[in-house]
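In what follows, a single structure is set out as structure tokens and then discussed.
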Amino acid sequence: MRRVGVVVVSHSGRLAEGVVELARQMAPDVPLIAAGGLAGGLGTDFDAVSDAVAQAQSGAGVVLLYDLGSAKMVADLAVEMLGDPSDAVVVDAPLVEGAVAAAVAAQGGATLDAVLSAAASALTDLASDKPVDPEDGLEIVLTNAVGLHARPAALLASTLTGLDAEVTVSFSGHSANARSVLALLSLGTTGGDQVTVTATGPDATEALRRIGDLATHNFGD
């Protein structure tokens with residue numbers, strides 16, 4: 001499968017590499033490339049960013065995230081210089097949260113537009129106290145050691161790819177969009193907690209079945 005690539009542009013090489021390392025834990029099959037720093041110091045390099053875009057391109061497009069203003073300028077220029085600028089896009093998003101959201105969406109096979117949207121909405125799609133009707137929902141006890149931490153949350157979100165269903169996970173009076181890793185993390189669950197999963201839409205039954213299967217297998221832990 002060709003997946004959307006993600007490039008992290010930062011003034012610091014170590015920062016870019018750290019963000020990529022974190023995102024890769026949740027999206028091992030996504031082309032994730034760090035483009036940070038200058039030889040011997042801080043800064044951004046046009047050639048390094050252009051090379052990173054080329055490395056991340058598998059045919060599905062590339063999303064670029066950046067840390068500070070001049071990094072955006074370099075990223076924008078690298079995209080403009082492409083033969084087809086529509087092959088890549090620079091997104092205004094929080095660097096860490098946006099990279100994680102983009103990578104998880106790409107891992108699930110999302111389109112370039114969907115990956116872009118996931119990154120852009122990284123901080124707005126968090127858990128809320130919106131009430132959820134648990135009728136016909138799925139009650140799950142999190143038997144893995146640390147609950148819905150990064151990798152289980154990413155696995156849950158990606159398993160819903162391709163389904164026409166709105167899925168919500170509720171815990172302790174709060175609810176989260178099951179397709180958002182950051183929202184799931186913000187629930188603050190841990191091992192032994194019980195969550196409620198509800199779904200609506202044409203593929204609701206299949207969504208609940210998939211999540212129930214994940215729970216049976218301890219969400220991959």
Please check: side-chain N/O of [X] versus main-chain N/O of [Y], any donor-acceptor pairing under 3.5 Å?
{"X": "His217", "Y": "Asp213", "value": "yes"}
{"X": "Arg210", "Y": "Thr159", "value": "yes"}
{"X": "Thr189", "Y": "Gly147", "value": "no"}

Below 4.5 Å, heavy atoms only, C-beta onward: do [X] and [Y] meet side chain to side chain?
{"X": "Asp92", "Y": "Tyr66", "result": "yes"}
{"X": "Val49", "Y": "Leu64", "result": "yes"}
{"X": "Thr198", "Y": "Val167", "result": "no"}
{"X": "Gln57", "Y": "Asp87", "result": "yes"}
{"X": "Leu163", "Y": "Arg179", "result": "yes"}

Using the rule that two of Ile, Leu, Val, Met, Phe, Trp, Tyr join whenever any of their side-chain heavy atoms come within less than 4.5 Å, decide whether [X] and [Y] are in one cluster.
{"X": "Val53", "Y": "Leu112", "answer": "no"}
{"X": "Val9", "Y": "Val6", "answer": "no"}
{"X": "Val90", "Y": "Leu116", "answer": "no"}

Mind listing the closest non-hydrogen atom pair of [X] and [Y] along with its distance?
{"X": "Val141", "Y": "Gly192", "result": "CG1-O, 4.0 Å"}
{"X": "Leu15", "Y": "Asp67", "result": "CD2-OD2, 4.0 Å"}
{"X": "Ala56", "Y": "Ile33", "result": "CB-CG1, 3.9 Å"}
{"X": "Ala178", "Y": "Val169", "result": "CB-CG2, 4.0 Å"}
{"X": "Thr161", "Y": "Ser158", "result": "OG1-O, 2.9 Å"}
{"X": "Ala99", "Y": "Ala23", "result": "O-CB, 4.2 Å"}

Partners of Asp45 by side chain to side chain donor-acceptor pair (under 3.5 Å), sequence neighbours excluded? none
Would you please name every residue forming a side chain to side chain donor-acceptor pair (under 3.5 Å) with Ser70, sequence neighbours left out? His11
Interatomic spacing from [atom1] in [X] to [atom2] in [Y] - rounded to 0.5 Å:
{"X": "Ser10", "Y": "Leu68", "atom1": "OG", "atom2": "CG", "result": "7.0 Å"}
{"X": "Asp29", "Y": "Gln107", "atom1": "CG", "atom2": "CD", "result": "4.5 Å"}
{"X": "Asn218", "Y": "Leu142", "atom1": "CG", "atom2": "CG", "result": "9.5 Å"}
{"X": "Glu97", "Y": "Ser186", "atom1": "CD", "atom2": "OG", "result": "11.5 Å"}
{"X": "Leu32", "Y": "Arg24", "atom1": "CG", "atom2": "CZ", "result": "5.5 Å"}
{"X": "Leu185", "Y": "Ser180", "atom1": "CG", "atom2": "OG", "result": "8.0 Å"}

With side-chain contact (heavy atoms from CB on, under 4.5 Å) as the criterion, how do Leu38 and Thr44 come out once you've worked through the C-alpha distance, each side chain's angles and the decisive distance to 0.1 Å? CA-CA 6 Å; Leu38 296 172; Thr44 52; 5.9 Å; no
Residues Val30, Val4; criterion side-chain contact (heavy atoms from CB on, under 4.5 Å); working and verdict: CA-CA 7 Å; Val30 173; Val4 174; over 6 Å; no
Among Leu65, Val62, Val20, Asp51, which one satisfies side chain to side chain contact (heavy atoms under 4.5 Å, CB included) with Val7? Val62
Before giving the answer on side-chain contact (heavy atoms from CB on, under 4.5 Å), spell out for Leu95 and Val19 the whole-Å C-alpha distance, their side-chain angles and the decisive distance to 0.1 Å. CA-CA 8 Å; Leu95 185 63; Val19 172; 4.2 Å; yes
Could you tell me whether Glu206 and Arg209 have a side-chain N and a carboxylate O separated by less than 4.0 Å? yes
Where do Leu156 and Ile211 land on the side-chain contact (heavy atoms from CB on, under 4.5 Å) test, with the steps shown first? CA-CA 7 Å; Leu156 192 159; Ile211 294 174; 4.2 Å; yes
Let me have the donor-acceptor pairs involving side chains of residues 75-86, under 3.5 Å, with sequence neighbours excluded, atom names and distances please.
from	atom 1	to	atom 2	distance (Å)
Asp76	OD2	Lys72	NZ	2.8
Asp84	OD1	Ser86	N	3.1
Asp84	OD1	Ser86	OG	2.6
Asp84	OD2	Ser86	OG	3.1

Is a donor from one side chain sitting under 3.5 angstrom from an acceptor on the other, for Glu139 and Thr196? yes
Crowding at CD, Gln25 (>12 non-hydrogen neighbours, <6.0 Å): yes
